[in-house]
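Presented below is the structure to which this report refers.
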Amino acid sequence: MSIPTTSSVERLSPQEIQDRLGASPVAYLPMGSLEFHGPHLPIGLDALTAHGVCAGAADLTGGVVLPAVYQAVGGEHTAYPWTIMSSSPDAISTLLGETLARLADFGVKRTVILSGHFADGQRDLITRVAERWSERATTMSVVARTLGQAPQPPVTPDHAGRFESLLLHAIDPALVHPEALPDVTHHPAPLGEDPFGADRHRPEHPLHGVFGPDPRRLDRAAAAPLWEHLVGWVAGLATRD
């Protein structure tokens with residue numbers, strides 16, 4: 001699957017941006033974290049998936065996609081290797097508010113903030129940003145969601161499990177390496193365990209840091225339907241309140 005890049009503002013000239021906004025005054029603002037996602041996935045997964053879904057949505061609705069903002073709060077992986085998480089949600093809120101103000105200046109009428117990092121703290125942060133913006137008398141409306149809020153996805157959201165592995169596979173399969181995890185035959189997950197339970201924090205667990213269904217026997221055929229479902233949902237966010 002080839003993810004479109006024609007809407008990515010960093011690849012466009014000012015005139016090209018204005019032409020796209022003239023046809024559809026929509027902007028997508030993807031967000032994510034730098035966070036441990038096991039040995040089989042990159043630390044930038046959350047922002048990569050958010051950007052990929054936004055690019056797919058813009059291909060349907062028109063408009064532009066901003067570069068992903070690698071800033072996030074919350075979650076249970078703050079002490080894991082190469083997790084770089086902010087302790088200042090107010091600083092991120094300020095950054096987002098300034099970005100929204102400039103988008104409004106440029107004639108954007110609808111902005112969708114989409115976070116691939118969907119910890120409670122991150123969801124609450126972007127929700128507050130959108131609510132505060134709505135209190136202002138502007139011509140631009142803002143909606144904020146995380147990928148974890150998608151209604152009835154064909155795969156249940158998780159952290160580094162089937163959901164995130166499949167979604168990134170749909171966007172860039174070269175970045176997904178289930179074979180980097182311990183062999184499932186010789187190192188199965190404990191029978192009857194809670195796949196979202198605290199036991200997955202143990203370094204000796206074969207799915208250390210993976211919270212969700214085991215991604216080692218990944219049904220790659222499920223990747224495209226998941227991506228298409230999420231793209232359609234996010235495109236809908238851009239066109240209705």
Side-chain angles (χ1 to χ4, degrees), residues 2-34 44-73 86 88-118 121-150 171-172 227 230-241:
S2 178
I3 304 303
T5 59
T6 53
S7 58
S8 299
V9 294
E10 69 273 24
R11 296 172 176 264
L12 302 174
S13 69
Q15 186 58 56
E16 289 171 328
I17 295 171
Q18 287 307 120
D19 289 345
R20 289 191 66 89
L21 291 179
S24 178
V26 174
Y28 294 90
L29 178 52
M31 297 183 66
S33 57
L34 292 172
L45 178 141
D46 291 342
L48 292 170
T49 53
H51 189 276
V53 170
C54 285
D59 200 42
L60 297 177
T61 67
V64 297
V65 182
L66 274 69
V69 176
Y70 280 91
Q71 293 290 341
V73 297
S86 176
S88 179
D90 288 344
I92 300 175
S93 296
T94 298
L95 173 65
L96 293 177
E98 291 172 345
T99 302
L100 293 174
R102 289 300 284 158
L103 291 176
D105 290 344
F106 298 145
V108 173
K109 301 301 182 185
R110 178 74 161 178
T111 294
V112 177
I113 301 173
L114 181 69
S115 178
H117 178 69
F118 40 85
Q122 182 80 345
R123 181 198 62 221
D124 294 345
L125 186 160
I126 63 172
T127 299
R128 286 195 302 271
V129 167
E131 289 174 346
R132 289 171 183 167
W133 183 266
S134 68
E135 296 170 356
R136 304 172 60 174
T138 74
T139 59
M140 183 180 78
S141 62
V142 177
V143 61
R145 297 288 189 274
T146 71
L147 285 174
Q149 293 175 277
I171 294 166
D172 193 342
W227 184 77
L230 295 172
V231 165
W233 167 60
V234 172
L237 295 176
T239 55
R240 64 177 182 271
D241 290 323

Output, in order, the C-alpha distance, side-chain angles, deciding distance and verdict of side chain to side chain contact (heavy atoms under 4.5 Å, CB included) for Leu48 and Asp172.
-> CA-CA 9 Å; Leu48 292 170; Asp172 193 342; over 6 Å; no

Under the side chain to side chain contact (heavy atoms under 4.5 Å, CB included) rule, what do Val129 and Ile113 come out as? Steps first, then yes or no, please.
-> CA-CA 9 Å; Val129 167; Ile113 301 173; 4.2 Å; yes

Mind running side chain to side chain contact (heavy atoms under 4.5 Å, CB included) on Ser93 and Leu125 for me, showing each step along the way?
-> CA-CA 7 Å; Ser93 296; Leu125 186 160; 4.0 Å; yes

I would like to know whether Thr6 and Arg20 meet side chain to side chain contact (heavy atoms under 4.5 Å, CB included); could you show each step before the answer?
-> CA-CA 10 Å; Thr6 53; Arg20 289 191 66 89; 4.2 Å; yes

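A donor-acceptor pair under 3.5 Å is absent between the side-chain atoms of Trp133 and the main chain of Thr138, judged by distance alone. Formation of a donor-acceptor pair under 3.5 Å by the Arg110 side chain with backbone atoms of Leu237 is found in this model. Checked by atom type and distance alone, the side chain of His117 pairs as donor or acceptor with a backbone atom of Val73 at under 3.5 Å.
By the side-chain contact (heavy atoms from CB on, under 4.5 Å) test, Thr127 pairs with Arg123, Glu131, sequence neighbours left out. Legend: residues meeting side-chain hydrogen bond (donor to acceptor under 3.5 Å, both in side chains) with Trp233, ordered by chain and number and at least two apart, are absent. Applying the salt bridge (Lys or Arg N to Asp or Glu O under 4.0 Å) criterion to Asp90, with sequence neighbours excluded, gives no partner residue. For Thr139, the side-chain contact (heavy atoms from CB on, under 4.5 Å) partners two or more places apart in sequence, or in a different chain, are Lys109. Partners of Leu21 under the side-chain contact (heavy atoms from CB on, under 4.5 Å) rule, at least two apart in sequence or in another chain, are Ile17, Gln18, Val64, Val108.
When all heavy atoms of Glu16 and Arg11 are compared, the pair lying nearest together is OE1-O, 4.2 Å. Of all heavy-atom pairs spanning Ser7 and Ala58, the tightest one is OG-CB, 3.6 Å. Between Ala235 and Leu60, the shortest heavy-atom distance links the atoms CB-CD1, 4.0 Å. Between Glu10 and Pro67, the shortest heavy-atom contact is OE1-CG, 3.6 Å. Scanning both residues, Tyr28 and Pro30, for their nearest heavy atoms gives O-CD, 3.4 Å. The two residues Leu66 and Ala27 come nearest to each other via the heavy atoms CD1-CB, 4.3 Å.
Interatomic distance, Leu114 CG to Thr146 OG1, rounded to the nearest 0.5 Å: 7.5 Å. Interatomic distance, Ser33 OG to Gln71 CD, rounded to the nearest 0.5 Å: 10.0 Å. Atom CG in Leu29 sits 10.0 Å away from atom OG in Ser115 (nearest 0.5 Å).
Residues Asp46 and Gln122 are not in side-chain contact: their nearest non-hydrogen atoms beyond the backbone lie 4.5 Å or more apart. Between Ser8 and His51, some side-chain heavy-atom pair lies under the 4.5 Å cut-off.
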For residues 95-107, which side-chain N or O atoms pair as donor and acceptor with protein atoms under 3.5 Å away, sequence neighbours left out?
unit_1	atom_1	unit_2	atom_2	d
Thr99	OG1	Leu95	O	3.0
Arg102	NH1	Asp105	OD2	3.1

